[in-house]
Amino acid sequence: MFAVIIADYFFAIASLGSVAEVLRQFAVVISNIALGLGVISLLRIHGRNVQRRLEGRWLYSIVTIITFVSVFLLGIINTNGDQYTWAFNHVYTTLQQTMYASTGFFIVSSAYRAFRARNIDAGLLLIAGCIVVFTNAPIGEVIWSGFPVIGDWLLGPGQLPGYRVLMMIAGFGTIVYAYRVITGNERGFFGGGE
Amino acid sequence: MILKDGRIVAFILLFGSFVLYYLFTRMMEQGKAFKIRTLAPLEALPEAVGRCAEMGKPIFYMPGIGSSLSLSSGAYILAGITILGRLAGFAAKAGVKLRLFTVTIDAMPLIQDTIKTAYAVEGKVEEYSDDNIELIANQSSLVSRYLGAVQRESPAAACLIGYLAYESVVLSEAGNIVGAMQISGTVNLYQIPFLVASTDYTLIMEELFAAAAAVSGDAGAVGPIAAEDVIKFASLGIMILGMVLAPLGITFLVDLLGL
Amino acid sequence: MANPTIFERLDKLDRRIYYWLIVIVITWPLVSPIGLPITVKPSTRALYDGLTAVQEGDVVLIDIFMSVSTWPECMGGLVVETNTLLDRGARLIYVGNSVDVSRSWERLNELVPRLGLLEYGTDVVFLGYYTGADAAASQMAVDMSSIFPADHFGTPIDDLPLMSDANSATDYAMVLFTAEGEVKWIQQWGEPYGVPVAGMGIAMKGSALAPYLASGDIFGLAVGVRGAAELEKLAGMPAAATTTMDAISSTHLLFVILIVLANLPIIYNKIKGGS
Amino acid sequence: MAYPTELWGIMGLWVGAVLTVAIYSYMLYKENPLYRLAEHIYIGIAFAITAVVAVQNTNRIAVTPLLNGQIVFIIPIILGLGMYTVFVEDYRWISRYSIAVLVGCMLGVVTSGTLIPNIINQITSTIAAPSGATMMDWFNFLYVGIGTICALSYFLFTREHTGVLAPTARLGRLIVMVALGVMFGNTVLFRMSMLSGRIEYLLQVLGLIPM
């Protein structure tokens, strides 16, 4: 699979192109079907909790299972139905946004507790970070007009070499990774971890 | 030429890399030694274990969230587990209790096996216990479990090495509250700034892979990394040359790379 | 430590006090806005200039990668992009890589009512959700209809006149990403087919995409809610993102104050120990 | 959007508000049953919605074409279902074929896409002379060029950082730190805009600010 797609990228051969096209389509279908994997593991974990009447957990696990089953059935019957849309808009959307935003709290408490200039490296990171914070917030400019000037430089050329290298490293890493998977050196996929 | 326009350099880069990886792996198998350089976070592992031994406290390990089967997180979780093997060896030797928290169901057998082997090597297999390894259902419950455990058991050191997401900031803060020495490492770019600012040592991006390769010492792992260095040297050479040529108005190298 | 009381006390302060503090500093400016001025960054201007340079009838692909959780960050920018492109007479095709993309589409329609007044299928199409990341993007570049045999509402793609003009990457004048997932467009559309790529990223993209911006792989970028507010200013339609900026100012100030406070003892000790 | 007037709409808003408060009660008060309830509802509904979308999509892009006579789609469907054997110890090997196809395709697409933008374009744009000719342009050119070279030298893994590499790798690490600092600042912006979005929502539900 790898070879066909790579070859299609480099060589202008028509028949190869259509094989690569079919393969890519296959990959899309498989990844779609695989979305259900998480569901099975969810039902297994919570099903077990209920079965064992795990103290303080099993009632909640029932909530999870009931929520899952009812919303899933509603959705399968009619995705545009009122109940499904309602659950989607008001329960799912809300929880999604809320959970995602909750790290905002932790960042602030960590700002006092965890972010210390332990050494020059961390110090530099914190200084650059704070300048960017004041560049992003309009108040920075009010405090000192220099913040956005330095900040814009940091956001442009300042961070560029560092990021450029992190990106190149990621690129090199991908190639090594591809090689290791193809040659069977990467345990994760084919060794299954045994 | 059947090669598509503008892809010649990319072609050379990819297949040149593959050939080099193969050659270096072979060279290693035939006895040539490549050494991965000293990585401070890796060197700090014995210190962390020593601290725990002195204070009579446990050490915590978190190999990250996600699935070891996934394309985005798999490799990093496995790299974290390789490093775990080394740490478990130190812990077994010093008699320090190693506590591990994970959500990665599919890596559980591997994790247990890795730790058990490390204890067996030190001849202390009877000190190993499955109870010290906790499997937790999902990311958020892992966070709350870890927060609770840190408070109750107050470890003297903690390692957060693997594929980390938003929990990195929360867990490292928890470690700082009890004054644990912390070693971290991930390839999730968004989390690295937080780890650098809040833990003592951090493996940045590919350092995690290099560290895992150094620990395993396996030709299939170290060889490609050594070969990659050759490619990096070549890139460095091109950039240095290019920087000298640019002010002179010579665009030959830029044009060449555009092929 | 020389002055242990205040720092030690801060250290022992219940974290909940910090959390309540945040709630207060966010709520306050929302209820009574201050309206601090906003200056526009070059990358945002480049994006806006690119949008206004679109010709009438050009087809633009918009990837709503964001999930509903990212609305506060990116919806504002998406609204400005949509309005600006519609002003230029562009034809828009929306896709999305988040399972809740239909919800984002509905919200966009609420915020840009004239989307609903356009002739669906000719001027605008909502193809809906896709999965398969890079593989999908690379497949879309050669044959849109293989990934989307029908649009989100089940209309076969052959019945949508717009789609017959826009079945492969070369038919598109531009790809705009929203929130994340931009690299696949750069790698699978921009690089091989030369389709201009730009968009509205979550704030972290301001860092992650800087090299792409510098190397010209993307032509413009609005960074986070700040970028959205800048777009709103450029387009002269202040909305949600502009309102949020005051809360951003207050929380950011709190954040920096806490970091400085936390590091004062370290700096103090260094100076004392050094001399 | 105006404040809803019909019963379901109002109820929806309030359910949303209660759930938001339930989640934040963990941070603002402490871990409690209300939080746990919200957490478990979230896990359930998130999976339900993912599953519904997966079914719909598979239907649209594979099952429908299959029923319309494109027999070839039977292959990915079988491979996809094969993934589910990971849960059955004895048949786990089947899933490896599915994973192999998926991983092979993904790797091919990702690797081929990464070469030019991630590596070659980055080298090219480092050594391309600046377009402007001001002092600042040349200063940036030098800073970016030297910075990139130093930072890359930090990521050499088989040489110790001694000799020539000692100063360059050190400087390289500091340059990476600057980049990470910028990322740090931007992340703060992201988190805060998310959080203020939630608080804005609560204030809107309470009617304190307009929708």
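Lettering of chains follows the sequences in order, A, B, ..., and the numbering in each one begins at 1. Keep in mind it's a predicted model, so treat the numbers as computed, not measured. Only heavy atoms go into these numbers, but all of them, side chains included; no hydrogens, no water, no symmetry mates.
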Would you mind checking which part of [X] comes under 4.5 Å of any heavy atom in chain D, side chain (CB onward), backbone (N, CA, C, O), both or neither?
X       : value
S102(C) : neither
P149(C) : side chain
I17(C)  : neither
L30(C)  : both
Q188(C) : side chain
L21(C)  : neither
V256(C) : neither
Y129(C) : both

Tell me, out of [options], who's got the most heavy-atom pairs with chain C below 4.5 Å.
options                           : value
L203(D), L202(D), L189(D), V52(D) : L189(D)
L28(D), I199(D), L180(D)          : L28(D)
G185(D), S193(D), S196(D)         : S193(D)

Just checking, is any N or O donor in the side chain of [X] or [Y] under 3.5 Å from an acceptor N or O on the other one?
X       : Y       : value
Y130(C) : D63(C)  : yes
S250(C) : W28(C)  : no
D143(C) : N167(C) : yes

### Query
Quick one: what part of Y201(D) sits under 4.5 Å from any heavy atom of chain C, side chain, backbone, both or neither?
neither

### Query
Is the shortest side-chain N to carboxylate O distance from R107(C) to E110(C) below 4.0 Å?
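Salt bridge between R107(C) and E110(C), a charged N being under 4.0 Å from a carboxylate O: yes.
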
### Message
Under 4.0 Å between a side-chain nitrogen and a carboxylate oxygen: does that hold for E106(C) and R103(C)?
### Response
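R103(C) and E106(C): salt-bridged.
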
### Query
Do you know which of P29(C), P72(C), S207(C), A210(C) has the most heavy-atom pairs with chain D at a distance under 4.5 angstrom?
S207(C)

Any [X] side-chain heavy atom under 4.5 Å of [Y] side chain:
X       : Y       : value
Q187(C) : N118(D) : yes
T244(C) : E200(D) : yes
T44(C)  : L221(C) : no
M66(C)  : F177(C) : no

